[in-house]
Amino acid sequence: MLTYTIRRLVLAVPTLLFISVVIFLLLQLAPGDPMAQVPLTVPPEVKQKMREALGLGDSVYVQFWKWLVQFFWVEPQVLFDNIFGTHFADGKLRVLSWQTRSPVMDIVVQRLPQTLWVVGMSYVVGVLIALPIGIYSAYRQYSIFDQLGTFISMVGFSVPTFFTGVLLIVIFSVGLGWFPSIYDTTLQVNDWASFKLQIRQMVLPVFVLALYNAAQISRFMRASMLDNLNQDYVRTARAKGLGERVVVLVHVLRNSLIPVVTVIALGVPQVFGGAIITEQVFKVNGLGQLLITAIEANDLPMVQTLTFIFAVLIVLFNLVADVLYGILDPRIRYD
Amino acid sequence: MTDDTQKQGPDATAVTETTPAPYAASLAAAGPIPSAPPRSQWFDVWRQFTHHKGAMLGGVVFILMVLTVFVGPLLWTVDPTFIDIRARNSKAITACLLTGLDTMFSCFGDPKAAGLKASWAHPLGADQLGRDTLARMMAGGQTSLSVGIAAMMLSLILGSLFGVLAGYFRKLDGPLMRMTDLFLALPLLPLLLVMVLLFREPLSAAFGPETGIFILIVVAIGITSWMPAARIVRGDVLALKEREFVLAARSIGTTNTKMISRHILPNVVSPIMVSATLGIANAIITESALSFLGLGFPPDFPTWGRLLFDSIDYMQQNPERVILPGVAISLTVLSVNYLGDGLRDALDPRLRGR
């Protein structure tokens, strides 16, 4: 298993390099000019100098190499410095955003908590809802509960998040006035009242995303339970007199969870990248919203870095899912 | 006998139908001659499909949706870009239902008298410029559905091409599947956004704003969604390649092209059809998400996602303007998903006949 993990990690390096090249080349074609916002009174030669200061004068491969060095060598040093108080990265050039002229990673670190709170919470809630629904509807296949659960999960799966989000805002913010429609990131949680406010503003976005995630995971859970419920070992377990609860919740559940856990692991990168739309609907200024504004403002280093971070997460969690599959299911041997 | 027929698809069916007469006679001696004609594979599939209530309902809803959107404009001939400025922000006629029991019926006759800004000239209301919502919904639906179907076709063609090539030619398997994995590792929504942003201007300049964006969105969705289909098709082709009928065809000297078009492709039609239905749903959602983020079609060229996005600012006064396009998208996607579910069940020989 260890050799397999190492081999996959080594293979991930060319994959990620390739992805970064693809993203970089795509962005090189971008029609926008970062100097478009500079006043017309600034003379062309000054503009040219400003362009060169942004590193745009170099050829494509030099620019790409510089980005690679900044992302893979300087940024880890900055992280190291921040943790241990050393001074390795002092004076070294970091990946700078063209919008704010501040390091991209600093902005990412600022935005990460909002995304993790809202989107991460919704993923956890979604999984917690999905598992019992999937288990019960598989155990009572074709019952009313199963029919209803399958229908709701089909709806949750089909209705796009931008519609559920807007619909919930129409009903609960505009109509009933129960929850705010905009997520206020400046809210400081320091007492009970502000904590309640925080919970109230999280309810709608978390519900929207949780419904979507739960719909997908409960479908997997149900299918996986159904696969296992008819197996011989279940009959054996019943035949030797085990209670129904033990049979379902210990024998069947543990075996059915194997594929579901990997599906859950595969969905984690979407926690970071896939909630772009929901963040846009509820005005949560997380990573997805950061990406949208960066794309609209033609902030290429920001777009490049963010997309690459998403790609790293996808590759990493694909690996985690495969390794988990091997660990959880002793029948699967990669070596 | 029927079991074998089901499993082996078109090839085996052909054999059953042309069973030589002496053989049939010897069978007749063994038992009674079956009076019913032999059932074909597709008859069985159709029978199973009609037993799936959700799929039938989904199919009916989807066909109704397509008819409304494409035939509807012939009946409701209001131009979706015509501006009737006096009717701007008028409500849907159904708002009468909320006026109370006593005024409800008179309101349907004369909404103005009931103090409601609505009229039968605009049954679903009008937007902030006075453009008719019903006409815009139908025009938007045409774009959304065409984008969905065209993008699905493109992704299917790419997916089955790569899947068949990777499954059939062992040399291509490694590189093509590595490429599929690479594409699967790309963060798709951000890349789609970047692609739309980058190529919007050049393509609009080359083909005109509407066709240019249409091509761009279809191609962008197509080349970012072919991977699951390719994987499924490859798996099926790998299994098919080991079957006797492929060996038999090869032994009579069938060329690779003929082998793929005659023997392999007809047998992987079922996974391709299931991917097709799910692909339409995916493409419609992606297109409306792009439009919703303001990176899709231009504002005067409605799609369902764009209509939803434009109406958000007015959702306090006219919530139905948000709900209508949202319901249209959701209903279409839901019906297509149910259709796909039913197809998958019908085409799965292990489930059929239960």
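Every chain is numbered from 1, with letters handed out A, B, ... down the list of sequences.
Heavy atoms from other residues, nucleotides or ligands lying under 6.0 Å from CZ of A:Phe220 number 12 at most. Counting heavy-atom neighbours within 6.0 Å of A:Ile144 CD1, excluding the residue itself, gives a total of 12 or less. Within a 6.0 Å radius of OH in A:Tyr212, no more than 12 heavy atoms belonging to other residues, nucleotides or ligands are found.
Rounded to the nearest 0.5 Å, atoms CG (B:Leu293) and CD (A:Gln280) are 6.0 Å apart. How far CG of B:Leu184 is from CG of A:Asn318: 7.5 Å, rounded to the nearest 0.5 Å. Atom CD1 of residue A:Ile276 and atom CG of residue B:Leu193 lie 5.5 Å apart, to the nearest 0.5 angstrom.
When the heavy atoms of residues 329-336 of chain B are compared with those of chain A, the residues falling under 4.5 Å are B:Ile329, B:Ser330, B:Val333, B:Leu334, listed by number.
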Please step through side chain to side chain contact (heavy atoms under 4.5 Å, CB included) for the pair A:Thr15 and B:Arg178, ending with a clear verdict.
-> CA-CA 9 Å; A:Thr15 312; B:Arg178 287 294 82 69; over 6 Å; no
Any chance you could lay out the side chain to side chain contact (heavy atoms under 4.5 Å, CB included) test for A:Thr161 and B:Phe292, step after step, and finish with the verdict?
-> CA-CA 11 Å; A:Thr161 46; B:Phe292 182 80; over 6 Å; no
Give the intermediate values and the outcome of side chain to side chain contact (heavy atoms under 4.5 Å, CB included) for residues B:Trp304 and A:Phe163.
-> CA-CA 11 Å; B:Trp304 284 338; A:Phe163 180 52; over 6 Å; no
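The two residues B:Ile285 and A:Ser158 have their closest heavy-atom pair at CD1-O, 3.5 Å.
Contact annotation for B:Ser288: both backbone and side-chain heavy atoms come within less than 4.5 Å of a heavy atom of chain A. With a threshold of 4.5 angstrom between heavy atoms, A:Phe308 does not approach chain B through any atom at all. For a residue to count as touching a neighbouring chain, one of its non-hydrogen atoms must lie under 4.5 Å from one of that chain's; by this rule A:Leu167 touches chain B with the side chain only. With a 4.5 Å cut-off on non-hydrogen atoms, B:Phe183 does not touch chain A at all. Contacts of B:Ala289 with chain A are made by both backbone and side-chain atoms, with heavy-atom separations under 4.5 Å. With a threshold of 4.5 angstrom between heavy atoms, A:Leu16 does not approach chain B through any atom at all. Of the two parts of B:Asp181, neither the backbone nor the side chain holds a non-hydrogen atom closer than 4.5 Å to a non-hydrogen atom of chain A. Only the side chain of A:Val303 comes within contact range of chain B, with heavy atoms under 4.5 Å apart. Of the atoms belonging to A:Val155, heavy atoms from both backbone and side chain fall under 4.5 Å from chain B.
Applying the salt bridge (charged side-chain N to carboxylate O under 4.0 Å, His left out) definition to pairs two or more places apart or across chains, none involves residues 150-162 of chain A.
With sequence neighbours excluded, the residues that form a side chain to side chain contact (heavy atoms under 4.5 Å, CB included) with A:Ile152 are A:Leu148. For the side chain to side chain contact (heavy atoms under 4.5 Å, CB included) test, residues two or more places apart in sequence or in another chain that qualify with A:Phe207 are A:Leu168.
Counting heavy atoms from C-beta on, the side chains of A:Ile23 and B:Val194 never come closer than 4.5 Å.
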